[in-house]
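Worth saying up front: this structure is predicted, and the values here are computed from it rather than measured.
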Amino acid sequence: MRSYRDLFRTPEFTPFFLAASAQTVAQTMGGLALGTLVYRATESPLLSAVSMFGSSLAQVLGATFLLSAADRLPPRAALTALPLLFAAATAALALPGLPLWGLFAVVLAKGLAESVGGGVRWGLLNEILSKDGYLLGRSVFNMMSGLMQIAGYATGGALVALLSPRPALLAAAALYAAAAVVVRLGLTRRPPRTTGRPSVSATWRANALLWSSPPRRRVYLALWIPNGLVVGCESLYVSYAPDSAGTLFACAALGMLAGDVLVGRVLPPPLRPRLGFPLLLLLATPYVPFLLHPELPLAAAAVTLASVGFGASLVQQERLVALTPDGLSGHALGLHSAGMLTTQGAAAALAGSLAQLTSPARAMTMMAVGSVGVTLLLMRAGKREELRTVGCETGSGE
């Protein structure tokens, strides 16, 4: 599979893509509206950040106890039920008088369901396209995510500014419901990829198997930590620029789109593996000068440039798919998704706490420096492993 045209000629890809697009718009609209609602009520950077990204914290529970369901549920049924659940949860967040503890309970419950949804969704994409088309397909999804985030943040920002956060939440709930309809009508019924009932023990066994391989372990760490720390920077947009957060989110989505086009279509396959770590460094470095609290135009330019580095995840996902047995593809990709979102949620909470103690600008700089440090450590570990491998091969040759 060599072109985007080939992708959209593949049966089921188009409705799958449209449903995911609607959910991305719904997620971004709802997140911005919720973060604004909480910040207006509390004036707390921490609570605002956690409300937007706190559902990710529940992903660790899903990855620990529920992830075996990703390969053991019928994909169409699961991907129809989950958006309906998200629609109900998002509509509940718009209820007037909902106490703060109730709001966070809904957010965490939504995140628990999302931990399974990521594995089901990306495992199904791997079935529809097969491994040779996965990177191109995932790059299209990431590009779509960038465009739909721009649309979602722009629309959500307009609704919040013209009306209030609650109508934006209701609009997001309607989009989730529309996504469920598209999945139900556009996808064919498929059996689960793996037989047996979902269970905690099956989840633990598969997690242990995936984590036991040092190459896969390094890929997971590179997918989770540097990315998550930078999302901690993003979680402070609302408190950094309360009246212009939508602009910063849209610029971040634009940069992510550029990075996905670069990795998915421009870079030749032999060059891609070499750029994984440099792209991770690009992802964090432009946030370091935020210590100086740049004005909105400079901040928007820095955010756009940094987000090109999100293209690193495509390089690492391609490596993960190549290292994973077919029967565990959904579980492996679900573990990636759950671990990444968990790290993002934890980083948002950390960033919010640092902003509470110092300032949003200083907290963004600290998170960026942390991301750079972790990336350099992972680069060093990867080089040591390469040297050991070369040494073993040389010894065998002798």
Side-chain angles (χ1 to χ4, degrees), residues 23 25-62 64-66 81-117 152-153 155-177 180 231-232 234-243 245-246 249 338 341-357 360 363:
Q23 289 192 71
V25 176
Q27 185 176 13
T28 51
M29 284 178 60
L32 178 60
L34 185 61
T36 305
L37 184 70
V38 171
Y39 189 70
R40 288 180 180 178
T42 65
E43 296 186 354
S44 168
L46 172 60
L47 293 178
S48 174
V50 172
S51 69
M52 293 184 70
F53 295 93
S55 64
S56 303
L57 293 171
Q59 298 274 341
V60 68
L61 297 176
T64 303
F65 299 110
L66 304 176
L82 286 170
L84 292 175
L85 177 62
F86 298 158
T90 305
L93 293 172
L95 292 174
L98 182 68
L100 202 59
W101 67 265
L103 182 148
F104 283 110
V106 172
V107 167
L108 292 176
K110 185 170 176 285
L112 194 61
E114 285 173 338
S115 66
V116 176
Y153 285 127
T155 305
L159 287 173
V160 167
L162 296 174
L163 300 173
S164 74
R166 287 190 171 86
L169 287 168
L170 293 175
L175 282 172
Y176 277 126
V231 170
E234 294 184 349
S235 73
L236 298 175
Y237 288 170
V238 171
S239 52
Y240 180 83
D243 298 326
F249 278 117
L341 292 172
T342 298
T343 307
Q344 290 176 358
L350 174 60
S353 300
L354 292 173
Q356 198 91 0
L357 295 172

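Note that the CG atom of L169 and the CG atom of L32 stand 9.5 Å from one another [nearest 0.5 Å]. Between the CG atom in L350 and the OG1 atom in T343 there is a gap of 12.0 Å [rounded to 0.5 Å]. The distance from the CG atom of L34 to the CG atom of L103 is 5.0 Å, given to the nearest 0.5 Å. Once rounded to the nearest 0.5 Å, the distance linking CD of Q356 with CG of L236 reads 10.5 Å.
Closest non-hydrogen pair, G232 versus A351, comes out as O-CB, 3.3 Å. Taking every heavy atom of both residues into account, L98 and A92 meet most closely at CD2-O, 3.6 Å. Among all heavy-atom pairs drawn from A177 and A87, the shortest one is N-CB, 4.0 Å. Closest heavy-atom contact between P360 and S239: CG-OG, 3.7 Å. For R40 against P165, the heavy-atom pair with the smallest separation is NH1-CD, 3.5 Å. Contact record, M29 with A171: CE-CB, 3.5 Å, taken as the closest heavy-atom pair.
In this structure a side-chain-to-backbone donor-acceptor pair under 3.5 Å is missing from T155 to G152.
Residues E114 and F86 are in side-chain contact: their nearest non-hydrogen atoms beyond the backbone lie under 4.5 Å apart. You'll find the side chain of V238 stays beyond 4.5 Å of the side chain of V38, heavy atoms only.
The residue from L85, L82, T90 that alone fulfils the side-chain contact (heavy atoms from CB on, under 4.5 Å) condition with K110 is T90.
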